[in-house]
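Atoms within a ligand are numbered from 1 in the order they appear, just like the ligands themselves.
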Amino acid sequence: MSFSIIGTGSKSPSQIKTNDDLAQVMDTSDEWIQSKTGIRERRILGEETITDLVVESSLLALEDAGVQAKELDLIICATVTSDYITPSMACIVQRRIGANCPAFDISAACAGFLYAWDIADGYFIRKPDSKILVVGAEAVSKLVDWNDRSTAVIFGDGAGAVVLGRGEGLKAVKLNTRGDETALYAKYKKGNCPFRDNGVDETGQPGGHATFLHMEGQRVFQFAVSSMCRDLKNIVKQAGLELDNVDYVLPHQANQRIIDYAISRLPLAPEKYLGNIAYRGNTSAAAIPILLDEFAKQGQFKKGDILAFSSFGAGLTSAAAILEWDK
Ligand code: COA
């Protein structure tokens, strides 16, 4: 395969909201949220924007890699909650960090960060000396209905980034999609085109931009547990390894119960699963790069460690990757 991680960075909003804070604005409790999800608190955007967090996490990743923004060959940003519909988040960040390479966003929801790795892998095969910035960023607090307690309590905001350079770190990456537009979605409204529906949307109001995020929790839960167990088993095989060879699993931080299910089904020691969901919540496409950066900066990984990644989300999408840590 084609690339190694040469730098990581992440940035979370400064505003911390605990489960008790949420119980002030909706009918929920710390006991319910913790027992159903493992989440104690999450970061929610206050005055800063998600673009600000992406810029900061990108600069941290570049600094960690010892790479100048002008040396970048490509920027890919995985997000469904950019501040703009167009231009893409990646274009805005390109200008703000002082890069001059091509830049674009991808929409694959929570699995987007690993989808971007697959794209980067192909790019490195054509241009092996590239340096690519891959970002996962999400401000789900803008998208959830804060009157819908079963959805609002699981999400948080944040951004994480990696700089990829020439190397042999990536051993395997595999994407899966099972198209489903009802399990987890947010839609554009119809708009206010005067040539359709008298220029009003389905609520009878002049059209706005998007509906809130709708989630069928139990259907998504079932997809998550089955895809995570299947994807982890398959990706290890694809990399020519055994599950025993995996030193750490970095799973999507969606719900601790989903991770616990995988722990009970796969022959991997529980301590190999890294997590931060208790204090970050589910930050969608940002979850894996934030997790990776936090543990990398704590010195968790040593050269030669085999890391397994697994993610899933709206689409329905899922993805897995195996990477040897060689930074
Ligand atoms: N606080 C208190 N009670 C709540 C609640 C909350 N925040 N949210 C829901 N409830 C209640 C429901 O109203 C329901 O009450 P009832 O039995 O009186 O009708 C009860 O709790 C059970 O609700 P249900 O929706 O069946 O809970 P659940 O066990 O499915 O858990 C999720 C809900 C969202 C935690 C769970 O379905 C889940 O994690 N799904 C996967 C979500 C996910 O991973 N999404 C991201 C993918 S990237």
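- In this structure, L164 CG and L74 CG are separated by 9.5 Å, a value rounded to the nearest 0.5 Å.
- Using a cutoff of 4.0 Å between basic side-chain nitrogens and carboxylate oxygens, R280 and E41 are not scored as salt-bridged.
- In this structure, atom 37 (O) of ligand 1 has protein heavy atoms in its sub-4.0 angstrom surroundings.
- Contacts with ligand 1 closer than 4.0 Å are made by side-chain heavy atoms of I154 only, the backbone lying farther away.
- Distances from atom 19 (O) of ligand 1 to the protein include no heavy-atom value under 4.0 Å.
- For ligand 1, the atoms closer than 4.0 angstrom to any heavy atom of S150 are 8 (N), 9 (C), 34 (C).
- At the top of the distance list for atom 47 (C) of ligand 1, counting protein heavy atoms only, stands V220 CG1, 3.6 Å.
- In this structure, atom 25 (O) of ligand 1 has its sub-4.0 angstrom surroundings free of protein heavy atoms.
- Within ligand 1, the atoms closer than 4.0 Å to a non-hydrogen atom of N255 are 35 (C), 38 (C), 39 (O), numbered from 1 in the order shown.
- In summary, the atoms of ligand 1 found under 4.0 Å from a heavy atom of N282, numbered by their order in the structure, are 46 (C), 48 (S).
- Rounded to the nearest 0.5 angstrom, K302 NZ and D326 CG are separated by 13.5 Å.
- For ligand 1, the atoms closer than 4.0 angstrom to any heavy atom of C110 are 48 (S).
- Every atom of ligand 1 with a heavy atom of A254 under 4.0 Å away is listed here by number and element: 44 (O).
- At a threshold of 4.0 Å, the pair D27-R149 counts as salt-bridged, since one of the basic side-chain nitrogens sits closer than that to a carboxylate oxygen.
- Panel note: side chain D121, backbone F3; no donor-acceptor pair is recorded below 3.5 Å.
- Looking at ligand 1, you won't find any N or O of T37 less than 3.5 Å from one of its N or O atoms.
- Nearest protein heavy-atom contact of atom 45 (N) of ligand 1 is M215 SD, 3.3 Å.
- The contact set between ligand 1 and F221, taken as ligand atoms under 4.0 Å from a residue heavy atom, comprises 38 (C), 39 (O), 40 (N), 41 (C).
- A side-chain donor-acceptor contact under 3.5 Å links S35 to the backbone of W32.
- Look at I258 and you'll find a heavy atom under 4.0 Å from some atom of ligand 1.
- Taking each heavy atom of A308 and I322 in turn, the nearest pair found is CB-CD1, 3.7 Å.
- Comment: D73 does not engage K131 in a salt bridge, judged by the lack of any side-chain N to carboxylate O separation of less than 4.0 angstrom.
- Within ligand 1, the atoms closer than 4.0 Å to a non-hydrogen atom of F312 are 48 (S), numbered from 1 in the order shown.
- Inside a 4.0 Å radius of atom 5 (C) of ligand 1 there is at least one protein heavy atom.
- Atom 9 (C) of ligand 1 has W32 CZ2, 3.4 Å as its closest protein atom, hydrogens excluded (heavy atom only).
- Residue V80 is not grouped with residue L175 when hydrophobic side chains (ILVMFWY) are merged at heavy-atom distances under 4.5 angstrom, including chains of intermediate members.
- Atom CG of L170 is separated from atom CG of D118 by 8.5 Å, given to the nearest 0.5 angstrom.
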Q. What's the verdict on salt bridge (charged side-chain N to carboxylate O under 4.0 Å, His left out) for E324 and K171, showing C-alpha distance, side-chain angles and the deciding distance?
A. CA-CA 7 Å; E324 182 177 333; K171 301 298 177 200; 3.7 Å; yes
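- Considering backbone and side-chain N/O of H252, none are found under 3.5 Å from N/O of ligand 1.
- Every heavy atom of I33 sits 4.0 Å or more from the atoms of ligand 1.
- With respect to D64 and K327, a salt bridge is recorded, a charged nitrogen being found less than 4.0 Å from a carboxylate O.
- Side chain of D105 to backbone of S88: no donor-acceptor contact under 3.5 angstrom is found.
- Ligand 1 has an N or O atom lying under 3.5 Å from an N or O atom of T28, backbone or side chain.
- With values rounded to the nearest 0.5 angstrom, K187 atom NZ is found 8.0 Å from E181 atom CD.
- Ligand 1 has an N or O atom lying under 3.5 Å from an N or O atom of G217, backbone or side chain.
- Compare Q218, R219, R257 by their heavy atoms: the one nearest to atom 30 (O) of ligand 1 is in Q218.
- Within the 4.0 angstrom cut-off, atom 43 (C) of ligand 1 has one or more protein heavy-atom neighbours.
- Using a 4.0 Å threshold on non-hydrogen atoms, atom 16 (P) of ligand 1 does not count as touching the protein.
- At the top of the distance list for atom 28 (P) of ligand 1, counting protein heavy atoms only, stands K36 NZ, 3.8 Å.
- The contact set between ligand 1 and V153, taken as ligand atoms under 4.0 Å from a residue heavy atom, comprises 7 (N).
- In this structure, the protein non-hydrogen atom closest to atom 14 (C) of ligand 1 is R149 NH2, 4.8 Å.
- In this structure, R96 pairs ionically with D52, as a charged nitrogen and a carboxylate oxygen lie closer than 4.0 Å.
- Of the charged side-chain nitrogens involved, none lies within less than 4.0 Å of a carboxylate oxygen, so that K142 and D157 do not count as a salt-bridged pair.
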